[in-house]
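Inspection log for the structure reproduced underneath, given as structure tokens.
In what follows, chains are A, B, ... by sequence order, proteins preceding strands, each numbered from 1. As the structure is a computational prediction, the values presented were derived from the model and not from experiment.
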2 protein chains.
Amino acid sequence: MSRSNPRVLSTLERAGGFASAQEVYRLMQREGESIGLTTVYRSLQSLVNDKIVDVLRRDDGEAIYRLCGDAHHHHLVCKGCGDTVEIEGGAIEKWALNVAKDHGFREVGHTAEIFGLCSKC
Amino acid sequence: MSRSNPRVLSTLERAGGFASAQEVYRLMQREGESIGLTTVYRSLQSLVNDKIVDVLRRDDGEAIYRLCGDAHHHHLVCKGCGDTVEIEGGAIEKWALNVAKDHGFREVGHTAEIFGLCSKC
DNA sequence: TCACAAATGAAAATGATTTTCATTTCCATA
DNA sequence: TATGGAAATGAAAATCATTTTCATTTGTGA
Ligand SMILES: [Zn+2]
Ligand SMILES: [Zn+2]
Ligand SMILES: [Zn+2]
Ligand SMILES: [Zn+2]
């Protein structure tokens, strides 16, 4: 296993929220950083192993990474215009933990998203 | 949009639990059915559109499909072995509705999934 | 300086999924 | 029954994220 290239972590921080390996790579290129795609993948994997970043999957299957420390939140998305509101998890956080615990699961995570039509649509 | 080939649904039933498109295809081949991989993919997509099957992602990103009861529910999935527990929404249903209403949204829906490591993993 | 391990990245390989497109199957209507 | 167009089919090619290979570079301690 190789160690993570610090510039990858720094770029993921700067990206804010979730970013895929490809996006991190493109972002670094755009900023003139010289790095190989392979190193981006290896670094992100390493950061996941070290539990410094979280990894999820987009609907299309692409892996997306995010700093674990980032404030956890969810989204309320308008199906019409795409407007998005960041919302606190609130009740759902406890619900997810309780359900998981009831079934003997550990290292628990969750995803949740609300969608509908906003007042303008 | 094409309609689902009924043999695909029948095979997915027989598979029990989750199966990927590739697995459904291999299973049909092994049973001597003549079908193209493309048709398997198209049929599964169509079944998802019609909400007859659920689709999730394995940790490696491969899409897996499964027959889904009509009742609205959520899933608790083991990241290790893929075991899945169907769970009632409970608290999350109200949470989603309330959050949406607070922001003036209507025609509200939501997605939620819990994942972790089961007691056997 | 030397030797050796770790890091790097270009290019090829992998593997799931999608797209293309020519062919076949259905089906309604004349 | 014949026929024309729509829908379904599937083989092959294309796509695209991710992994693997492997030769080269870099870092580090003796
Ligand atoms: Zn809107
Ligand atoms: Zn949450
Ligand atoms: Zn498990
Ligand atoms: Zn629900």
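A donor-acceptor contact under 3.5 Å is formed by the side chain of T38(A) with the base of dA10(C).
In this structure, S34(A) reaches the sugar-phosphate backbone alone: every heavy-atom distance under 4.0 Å involves primed, P, OP1 or OP2 atoms, never a base. In this structure, D60(A) reaches neither bases nor backbone, as no heavy-atom distance under 4.0 Å exists between it and the strands shown. S43(A) comes within 4.0 angstrom of nothing in the nucleic acid, heavy atoms only.
Across dG9(C), dA16(C), dT18(D), the shortest atom-to-atom separation from the side chain of T39(A) is found for dG9(C).
Looking only at atom types and distance, the side chain of H72(A) has a donor-acceptor partner in the side chain of E93(A) under 3.5 Å away.
E23(B) pairs in a salt bridge (Lys or Arg N to Asp or Glu O under 4.0 Å) with only one of the listed residues (R58(B), R30(B), R14(B)), which is R58(B).
For the pair Y41(B) OH and dT17(C) P, the interatomic distance rounds to 4 Å; values are reported in whole Å. Atom P of nucleotide dT17(C) and atom OH of Y25(B) are separated by 14 Å, given to the nearest angstrom. Rounded to whole Å, the distance from CZ on R57(A) to P on dT18(D) is 6 Å. Rounded to an integer number of Å, the gap from CG of L44(A) to P of dT8(C) is 13 Å. dA16(C) atom C1' lies 12 Å from atom CD of E23(B), rounded to whole Å. If you measure from atom CG of L37(A) to atom P of dA17(D), you get 9 Å, rounded to the nearest angstrom. Across the protein-nucleic acid pair, E62(B) atom CD and dT18(C) atom P stand 12 Å apart, rounded to whole Å. Separating the CZ atom of R42(A) from the P atom of dA6(C) is a distance of 13 Å, rounded to the nearest angstrom.
Between atom NE2 of residue H74(A) and atom CD1 of residue I92(A) there is a gap of 4.5 Å, rounded to the nearest 0.5 Å.
For the OP1/OP2 pair of dA8(D) and a distance below 4.0 Å, the side-chain nitrogens and oxygens of N5(B) include no atom meeting the criterion. A sub-4.0 Å separation between OP1 or OP2 of dT17(C) and a side-chain N or O of Q45(B) is absent.
When the side chains of ILVMFWY residues are joined at heavy-atom separations under 4.5 Å, either directly or via intervening members, L76(A) and V108(B) end up in a single hydrophobic cluster.
Here the two rings, on H75(B) and H110(A), have centers that are 6.0 Å apart or farther.
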